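Input: a single structure, listed below in structure tokens.
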Amino acid sequence: DYIFQRKIKTHNNEKDNNSELKNQIYIVAISDDKIISYDYCSNILYKTYTSKTKQHINSLCFNNNTIISLSYGGYIIIWDFDNAKILEQIRPYTSDLFGLCLWDSENIFFGHKKNVKIMNLDSKKITNLQLAHDKTIISIQKINIPKFGEYLISQGDANSNIILWIIQN
């Protein structure tokens, strides 16, 4: 399960133009080929996001008001969070993708077979990082080490090494 938190403007009443920022928190879960979001405070279903690909979704991340998901079959899908609509669906590969990580508002990292890939969200250009794992990549995470900066960690299957990547702009 994932947690998505955002601040929204709220009005005290219709005649009052003063607004305040309110925290909204959602629990977001993957259920086979669907993504389901719940309001954290009320535990009420917010939205169900259904893929037309019928492929199992295995990772997701958030970018502003969108969800980005990876699935078996090589799909990357960008969803509108509030409308549960697919904004964009691309299939750069025909085999499974794993380990999605948002690096910044413009780039995502993901695993394809034994390689870590970076994709620019605007141009959709995909670049292969030079080093590779000895096993299929299953997990990618961005970490911040205050003294040294931001790094990427990737891991192959459960018996594989963990690699710490230094990403330079």
Side-chain angles (χ1 to χ4, degrees), residues 1-8 21 23-38 40 49 51 53 55-81 86-169:
D1 291 355
Y2 302 81
I3 294 178
F4 176 56
Q5 180 176 344
R6 65 181 175 174
K7 294 189 182 289
I8 62 163
L21 289 177
N23 263 341
Q24 274 190 315
I25 301 172
Y26 301 90
I27 302 296
V28 181
I30 296 170
S31 176
D32 195 33
D33 64 340
K34 296 178 181 68
I35 299 171
I36 302 165
S37 61
Y38 296 89
Y40 177 77
Y49 313 79
S51 167
T53 68
Q55 297 288 328
H56 177 80
I57 297 168
N58 59 48
S59 5
L60 60 85
C61 66
F62 305 97
N63 186 19
N64 298 320
N65 206 37
T66 62
I67 298 174
I68 303 168
S69 67
L70 294 183
S71 68
Y72 297 154
Y75 291 95
I76 300 171
I77 301 175
I78 302 173
W79 310 80
D80 180 284
F81 184 77
I86 294 174
L87 299 173
E88 197 162 1
Q89 176 177 297
I90 62 171
R91 191 178 190 192
Y93 303 100
T94 56
S95 55
D96 303 345
L97 304 177
F98 292 97
L100 179 62
C101 170
L102 181 71
W103 182 257
D104 54 31
S105 63
E106 298 174 359
N107 297 288
I108 59 170
F109 283 89
F110 62 92
H112 177 248
K113 298 185 179 181
K114 298 178 182 180
N115 298 300
V116 174
K117 309 281 186 174
I118 182 171
M119 183 179 91
N120 181 281
L121 292 170
D122 292 328
S123 69
K124 308 304 180 267
K125 179 182 177 202
I126 295 174
T127 305
N128 191 38
L129 296 186
Q130 296 203 356
L131 298 175
H133 278 272
D134 57 343
K135 308 271 178 155
T136 299
I137 293 171
I138 60 167
S139 177
I140 296 177
Q141 296 293 317
K142 177 181 177 179
I143 63 169
N144 185 8
I145 303 172
K147 185 175 179 180
F148 301 108
E150 296 174 322
Y151 294 87
L152 193 71
I153 281 187
S154 61
Q155 180 184 4
D157 72 12
N159 298 319
S160 180
N161 293 330
I162 293 174
I163 296 177
L164 178 69
W165 301 84
I166 300 170
I167 308 299
Q168 297 177 338
N169 295 332

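Remember, it's a predicted structure, so these values are computed and weren't measured experimentally. Numbering starts at 1 and runs along the sequence shown.
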To the nearest 0.5 angstrom, please state how far the CD1 atom of I68 sits from the CG atom of N63.
5.0 Å
If I compare all heavy atoms of H112 with all of S95, which pair ends up nearest, and what's the gap?
NE2-OG, 2.8 Å
Could you walk me through whether F110 and Y93 pass the side chain to side chain contact (heavy atoms under 4.5 Å, CB included) check?
CA-CA 12 Å; F110 62 92; Y93 303 100; 4.0 Å; yes
Could you check whether any side-chain N or O of K142 sits under 3.5 Å from a backbone N or O of W103, counting only pairs where one atom can act as donor and the other as acceptor?
yes
K113 NZ: over 12 foreign heavy atoms closer than 6.0 Å:
no
I126 CD1 to N107 CG distance, which is reported to the nearest 0.5 Å:
11.5 Å
By side-chain contact (heavy atoms from CB on, under 4.5 Å), T94 pairs with (sequence neighbours left out) R91
Euclidean distance, L102 CG relative to N64 CG, rounded to 0.5 Å
8.5 Å
Quick check: closest heavy atoms across N120 and S123, and the distance to 0.1 Å?
OD1-N, 2.8 Å
Can you tell me how far SG of C101 sits from CG of L152, rounded to the nearest 0.5 angstrom?
5.5 Å
Return the minimal non-hydrogen interatomic distance between Q89 and I77, and the atom names on each side.
OE1-CD1, 3.7 Å
Looking only at heavy atoms, which two atoms of Q55 and Y75 are closest? And how far apart?
CG-CE1, 3.7 Å
Are any non-hydrogen side-chain atoms of L121 and I108 less than 4.5 angstrom apart?
yes
Once you round to the nearest 0.5 Å, how far does CD1 of I140 lie from CG of L100?
8.0 Å
Who are the salt bridge (Lys or Arg N to Asp or Glu O under 4.0 Å) partners of K124, not counting sequence neighbours?
E88
Closest non-hydrogen contact found for V28 with S37 is CG2-CB, 4.0 Å
Would H56 and D32 count as having a side-chain donor-acceptor pair, cut-off 3.5 Å?
yes
Do Y49 side-chain atoms and F81 backbone N/O form a donor-acceptor pair below 3.5 Å?
yes
Counting only heavy atoms from other residues, nucleotides and ligands, does the tally under 6.0 Å from CD of E150 exceed 12?
yes
Check whether more than 12 heavy atoms from other residues, nucleotides or ligands sit under 6.0 Å from atom OH of Y40, and answer yes or no.
no
L70 vs N58, side chain to side chain contact (heavy atoms under 4.5 Å, CB included): CA-CA, chis, key distance, verdict
CA-CA 6 Å; L70 294 183; N58 59 48; 3.9 Å; yes
Closest non-hydrogen atoms of S69 and W79, given as atom of the first, atom of the second and distance, are OG-NE1, 3.0 Å
Look up atom OG1 in T136 and atom CG in N115, then write down how far apart they are to the nearest 0.5 Å.
10.0 Å
Under the side chain to side chain contact (heavy atoms under 4.5 Å, CB included) criterion, do K117 and L97 qualify, and how do the steps go?
CA-CA 10 Å; K117 309 281 186 174; L97 304 177; over 6 Å; no
For a 4.5 angstrom cut-off between non-hydrogen side-chain atoms, does P92 reach I76?
yes
